[in-house]
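Note that the numbering runs from 1 along the sequence shown for the chain.
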Amino acid sequence: IAYDTYRFRDERIVRRIIGRSSGDAVVFKPLNDAQDADRLLERYAGAKVIWIYRGYRSVVHSAIRMWQGAQRDIMLGIARDERRHPGQVPVREGMTPDMVALCRRLSDPDISAEDGAALHWYFRNLLYFERGLDRHSSVLLVKYEDLVAEPTTYFPGIFEFIGCRYSEKYVKIVQRSGLEQPAVPSLRPEIEGLCVTLMERLDSRKGLGAAGPAVSERTGRTDASRP
């Protein structure tokens with residue numbers, strides 16, 4: 001009820017949903033509004049963002065299986081400034097002129113579906129830095145593979161971050177699926193290079209916010225200095 005075609009509905013509706021909730025926290029998954037994460041933090045007092053990223057090869061494999069060449073069409077639509085897929089609208093909203101120029105240079109008619117999905121991953125996760133979320137104390141960066149591999153280590157820190165009481169019963173359904181590196185066709189070297197560099201940059205920041213570490217990878221304990 002909070003979304004219309006996977007976008008946030010009117011702010012009054014969202015505030016009404018929040019106001020009617022009796023829970024300790026109200027959680028939204030606004031993937032097509034990720035480009036507005038910084039604005040959402042300003043709009044809703046006490047809001048926090050958990051930015052979850054996953055290895056780009058796993059994401060490419062999943063995207064091709066679920067949507068075939070849709071993300072290639074999104075990249076081509078942005079590059080050519082023509083409507084090819086409805087999903088390109090929110091992606092384009094989050095792109096700076098430099099990002100659009102890069103998209104135009106790399107998205108030629110021969111771009112593969114895999115390269116298109118990889119570029120989509122790159123531009124969407126680059127928002128974490130472009131929107132200044134890496135400098136915001138109300139943002140926690142989390143790696144999907146960590147959550148799946150060691151849920152009892154990483155989930156307590158997330159619950160602490162959002163101010164909710166943690167119980168191991170919440171992670172009993174977490175399965176170690178999706179950890180294997182899927183075989184995908186070779187990506188263009190420049191596109192893969194962009195993804196590798198961004199992955200390394202994200203990995204260097206995971207579990208961190210502007211106030212420091214939220215979760216110790218060694219102990220799994222939360223840092224009491226976190227807000």
Nearest heavy-atom neighbours spanning Val174 and Leu147 | CG1-O, 3.9 Å

What are the two closest non-hydrogen atoms of Glu145 and Ser58, and how far apart are they?
-> OE2-OG, 4.4 Å

Look at the aromatic rings of Phe159 and Tyr166 and report parallel, tilted or perpendicular, splitting at 30° and 60°.
-> perpendicular

Do the charged groups of Arg72 and Asp115 touch, with an N to O distance under 4.0 Å?
-> no

What orientation do Phe8 and Tyr3 show, parallel under 30°, tilted 30 to 60°, or perpendicular over 60°?
-> parallel

When you measure from the centre of the six-membered ring of Phe129, is the NZ or CZ of Arg201 under 6.0 Å away and within 45° of the axis?
-> yes

Check whether the ring centres of Tyr144 and Tyr53 lie less than 6.0 Å apart, and answer yes or no.
-> no

Side-chain (Ser167) to main-chain (Tyr170) donor-acceptor, under 3.5 angstrom = no

Looking only at atom types and distance, does a side-chain atom of Arg9 sit under 3.5 Å from a main-chain N or O of Ala2, one as donor and one as acceptor?
-> no

Identify the residue among Arg131, Glu93, Arg92 that makes a side-chain hydrogen bond (donor to acceptor under 3.5 Å, both in side chains) with Gln35.
-> Glu93

Is Glu190 paired with Arg105 through a side-chain N to carboxylate O contact shorter than 4.0 Å?
-> yes

Using distance alone, with no hydrogens and no angle criterion, decide if Glu11 and Tyr44 have a side-chain donor and acceptor under 3.5 Å apart.
-> no

